[in-house]
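First listed ligand is number 1; within each ligand, the first listed atom is number 1.
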Amino acid sequence: MENCPEQPPLFTFGVIADIQYADLDDGYNFTRTRRRYYRSSLQLLRNARESWLESAVKPEFILQLGDIIDGFNKGHDASDRALDTVLAEFSSGPAEVHHVWGNHEFYNFSRSALLRSRLNSTLHIDRTVNAAPADRDIYAYSFSPFPGFTFVILDGYDVSLLGREESSPLYKDSLSLIRQHNSNEDLNCPVFEGLEQRFTMFNGGYSKVQLDWLESVLTSADENKEKVTIVSHLPVHPRSTTPICLAWNYDELLSIIRSHLCVVCFMAGHDHDGGYHKDKDTGVHHLTLKGVIETPPDSNAFGTVSVYEDRMELRGSGRVKDRVFLFPSRLQDTDQRAT
Ligand code: ZN
């Protein structure tokens with residue numbers, strides 16, 4: 001086989017998850033099994049930013065997969081200060097940032113405050129976005145960074161006990177749903193069995209309004225032969241994460257993904273141990289990115305993704321592994337080139 005010169009990517013982008021910065025000494029996770037490096041996470045974000053700045057092909061955008069600051073900031077009256085600190089780090093970076101919302105955003109801020117904040121990327125990027133219905137306070141939108149490619153940011157806490165007023169119908173529906181599956185007094189404690197473990201307060205789901213909007217985005221992407229990457233804080237494939245971190249109605253989202261040819265990849269955070277699974281029916285890649293917050297100060301946790309006509313290549317740093325995501329063969333050009 002001939003040694004072909006390396007093709008440049010069409011474009012690249014950066015990914016980073018679960019920074020959970022706080023100006024606090026190290027602590028532990030909920031079950032006290034994993035160390036959390038609250039202060040050091042800022043330095044790890046800085047390492048990511050420097051790497052993206054120095055890369056030969058500058059990233060077109062950065063995906064911040066949620067939980068940008070830790071919930072502990074709230075109790076120290078430090079939410080705004082911590083957010084300023086991490087966003088200052090991002091603002092000196094190489095590209096626009098698409099912020100995803102996780103549970104820790106809601107520990108610090110109300111939904112209405114988040115919609116007005118710098119974490120609402122639709123207000124702060126120059127690019128045209130296609131947003132979810134404006135009559136509902138859902139934070140979901142799509143954008144196209146390059147012809148033929150679409151990215152969809154989803155709101156994993158649209159149906160949730162977090163960020164919803166206790167008097168609202170959405171809160172009441174969420175409470176009754178979670179109560180059908182979780183009998184613990186503390187709803188942050190999962191039940192012990194299988195997929196039911198996902199019904200905790202730190203997870204959430206996607207409303208019918210949001211799923212209908214997603215359907216319409218994917219239908220038009222199918223028609224236009226786009227390649228779509230969906231991004232959410234919560235993973236939706238049970239084999240890409242521990243069940244404790246799955247979205248409540250992961251199955252509904254999975255069946256929508258499976259019914260459209262255009263989806264090539266689903267990216268999430270939330271599960272700090274990360275995970276990966278290629279859906280055997282569709283060839284869609286489900287990546288759960290390892291979290292910065294549980295990454296030791298002498299390591300790293302971010303990635304740079306190079307996008308080509310037929311694949312995406314994730315170059316991981318530190319705990320994030322390199323991976324190649326070949327686009328499903330149903331999307332490939334039938335024209336086979338000789339090698
Ligand atoms: Zn989370």
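Contacts of Arg164 classified as side chain to side chain donor-acceptor pair (under 3.5 Å), with partners at least two apart in sequence or in another chain: Asp137, Asp158. Scored by the side chain to side chain donor-acceptor pair (under 3.5 Å) test, Ser110 finds Ser112 as partners (sequence neighbours excluded).
Within the protein, the number of N/O/S atoms found under 2.8 Å from the Zn ion (ligand 1) is 4.
Checked by atom type and distance alone, the side chain of Asn249 pairs as donor or acceptor with a backbone atom of Tyr206 at under 3.5 Å.
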side-chain contact (heavy atoms from CB on, under 4.5 Å) for Val209 and Ile138? Distances and angles first, verdict last.
CA-CA 9 Å; Val209 175; Ile138 301 169; 3.8 Å; yes
* Does the side chain to side chain donor-acceptor pair (under 3.5 Å) test come out yes or no for His286 and Tyr276, once each step is laid out? -> CA-CA 6 Å; His286 288 262; Tyr276 169 76; over 6 Å; no
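Residue pairs meeting the ring-ring contact (aromatic ring centres under 6.0 Å, His included) criterion with at least one partner in residues 45-65, sequence neighbours excluded, are Phe13-Phe61, Trp52-Phe302, Phe61-His98, Phe61-Phe143, Phe61-Phe151.
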